[in-house]
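In what follows, chains carry the letters A, B, and so on, assigned in the order in which the sequence lines appear, proteins first and then strands, with residues in each chain numbered from 1. Please read these numbers as outputs of a predicted model, since none were measured by experiment.
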Number of protein chains: 2
Amino acid sequence: MTKSLKKPATMSDVAKEAGVSLKTVSRVFNNEKYVTEDKKARILEAAKTLNFQPAVAARGLAGGRSFMIGLFVDDASGDYVAKMMRGLVNACDATGTHLVVEVIRDLDDVSKVQRAVASVRFDGVILPPPLCDAPALLAFLRENGVPVARIGAGQALEDFASVYIDEELAAYKMTDYLIAKGHKKIGFIIGDPEHACSALRETGYRRAMAAAGLTVEDRFLAQGYFNFPSGRDAAQTLMQGAPDLTAVFASNDEMAAGAVDYLSNAGVRVPDDLSVVGFDDDIAASMMSPTLTTVRQPIEDMARQAHALICNPGDYQKIQHRFSVDIVERQSVRAV
Amino acid sequence: MTKSLKKPATMSDVAKEAGVSLKTVSRVFNNEKYVTEDKKARILEAAKTLNFQPAVAARGLAGGRSFMIGLFVDDASGDYVAKMMRGLVNACDATGTHLVVEVIRDLDDVSKVQRAVASVRFDGVILPPPLCDAPALLAFLRENGVPVARIGAGQALEDFASVYIDEELAAYKMTDYLIAKGHKKIGFIIGDPEHACSALRETGYRRAMAAAGLTVEDRFLAQGYFNFPSGRDAAQTLMQGAPDLTAVFASNDEMAAGAVDYLSNAGVRVPDDLSVVGFDDDIAASMMSPTLTTVRQPIEDMARQAHALICNPGDYQKIQHRFSVDIVERQSVRAV
DNA sequence: CTGAAAGCGCTTACAG
DNA sequence: CTGAAAGCGCTTACAG
């Protein structure tokens, strides 16, 4: 009736219990073929009664796989990271691999990455923005042969796996959506210049405006940094320079939320006086009021796919996986 | 000029390069004493030029430490998790240890935990709510001798390290704050019953009311589940049954945000018609409008401390570390 | 203060 | 289909 008291069972314990060799046990835990069903069953049963689970440390040392997937982020906060983590943890569970999170603040200093990589020997590393576009980091990982999957990268790179959306097209569509609603003077809040997607989304906005024959005046644009306060500030700038706008497209939801916050405090009603849209379908988008019309990108799925690209030994490089986006219509837009 | 091309350097490489034995190199990387400064310097230099970093897998196998800290959560979303992660990653960086995130959805099913623990052999595991109060999980970890640090646990447990705040006192203070502002009819939105803190916060609220000679009628209470929609629903329930309330204390910020959302859509102005306060100082608290008065608990610091309790070989058990809280005054309360 | 030996728990070739 | 041997890169006792 006593449970396992301290020392975890080892593969040899299982081998002995099942009356087979070490190697045979190893085979079943690695899904190799050539093991009779008979033995396999005995081994699995022995493993179960002994509560055996192969130790990743030993497997790593002997086999060259660490069973560790690195998620490198510049900041662990935010709904974007949370969504990636959900997708990744899920994929990890399904593959017997584990998610280790590393925060890399300085995109130009590779030393921390080098230490992490050298000590953990990740089976692969996931790089969300803005790390996915950091040249120094990418170069280091390439030189050291670390499998990489980039999420939401701004530009394609032949030798790295990548999952992404067409940022420019997405912004184009959203702008077009606003235009279809009758808006002509549409403002735009630019994202953090450090993120490659910022320029792409701006381009999409400009293209859509141009395609509709609408002019983009300088005063229609304001610089933000993908966070709430900068959205607030940008809205203020916009309202001062371009009070004639009927809609504002913030290039992410946090900024949109900041903008709406500023506006409501300034007595500008959304969407009655001004329509506002965002990008990401951040959790904040459904928690604010009015709820925010935004571009949804399937981050959780993208993360899962990124994990797959890393784990499948197939030529993971060269694999570029594009995801499509939807516009989620909520309450923050009004037709004019 | 060629950089490290593939195979990472090993400790033997460093030993050779520095002209010492393997063991001596090992000594300096483990901060053992008895190494002459002279040799130590040579070793460190050799390590640097070779870009050497001890492999955790090898260290783990030989030394019995995995250098992995497990963060077990029931859901990877939310600002609470983000804050913990920030504190933990920070502590990990400082100690050469790594953060592995595992999502445990079923609090009664130990099988997933058992698999993770057996394969990774965590140096320790961090348990935030509600996992920190899950009996089955705790029992398993105890039986297997896994060092544990609980964050925000509802009840003390002699044999597990714990960092926490006095939930009841915090809720008492917040209620008292509202009372000091002249409120007498104060509503309360109860948190998820699965979280031990929910009952404690409710008790704090009730005690403060009683201490002030105020009555808590049943209609002053509504059940929530610590998320936005449930806050919205609870506010509706409250407004229907107790339209005479002048303040509502939501036992976390997400519910408070949901409540405010419902209220503003229902034409109830916050704080003019009704004051609302929350708990946590979630990022949402400063992003909503009005900004939310709430209880701030130092989650990041608590997480760092939890990590320390696990890593310091001292009798980590028995160590119960209490943190204090502050009331953050913002815009959602009005004196009556 | 320093080092040679053994071994951690697996997987990798290699034989059969 | 199965197993015995060697070795992954470190740390642990143990000697000196």
* **chain A footprint on DNA chain D, 5' to 3' - any atom under 4.0 Å from a heavy atom** =>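 The protein-touched segment is D:dC1 to D:dG9.
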
* Asked: Between B:H195 and B:F226, is a ring-ring contact (aromatic ring centres under 6.0 Å, His included) present by the stated rule, with each step listed?
  -> CA-CA 9 Å; B:H195 288 239; B:F226 279 155; 5.2 Å; yes

* To do: Kindly express the pairing pattern of DNA chain C in dot-bracket notation, using | wherever a base pairs with another strand and counting only Watson-Crick or G-U pairs under 3.5 Å.
  => |||.||||||||.|||

So do [Y] and [X] actually touch side chain to side chain, heavy atoms under 4.5 Å?
| X | Y | value |
| --- | --- | --- |
| A:V117 | A:F140 | yes |
| A:D74 | A:D106 | no |
| B:E17 | B:E45 | no |
| B:N30 | B:R59 | yes |

* Test B:K40 against every option in B:I43, B:T36, B:L44 by the side-chain contact (heavy atoms from CB on, under 4.5 Å) rule and name the one that passes. =>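 So, applying the side-chain contact (heavy atoms from CB on, under 4.5 Å) to B:K40 and each of B:I43, B:T36, B:L44, only B:L44 qualifies.
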
* Asked: At their closest point, which heavy atom of B:V73 faces which heavy atom of B:P128, and how far apart are they?
  ->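 Here B:V73 and B:P128 meet closest at CG1-CG, 3.9 Å.
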
* Tell me which residues in residues 24-33 of chain A put a heavy atom below 4.0 Å from DNA chain C, sorted by number, or none. =>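 Hits under 4.0 Å, by residue number: A:S26, A:N30.
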
* Checking all strands, does B:F52 fall into the base, sugar-phosphate, or nothing category for heavy-atom contacts under 4.0 angstrom? ->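 Answer is sugar-phosphate: B:F52 comes under 4.0 Å of backbone atoms only.
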
* Could you tell me whether A:F72 and A:F122 have their ring centroids closer than 6.0 angstrom? =>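 Close enough - the centres of the two rings lie under 6.0 Å apart.
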
* Asked: Can you list every pair that meets side chain to side chain donor-acceptor pair (under 3.5 Å) and has a residue in residues 122-137 of chain B, with sequence neighbours left out?
  ->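 Of all non-adjacent pairs touching residues 122-137 of chain B, those that pass side chain to side chain donor-acceptor pair (under 3.5 Å) are B:S66-B:D123, B:D133-B:R150.
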
Residues 9-16 of chain A side chain polar contacts: donor-acceptor under 3.5 Å, at least two apart:
from, atom 1, to, atom 2, distance (Å)
A:T10, OG1, A:S12, N, 3.1
A:T10, OG1, A:D13, N, 3.4
A:D13, OD2, A:T10, N, 2.8

* **Proximity to DNA chain D (any heavy atom under 4.0 Å), residues of residues 37-49 of chain A only** =>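 Hits under 4.0 Å, by residue number: A:K39.
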
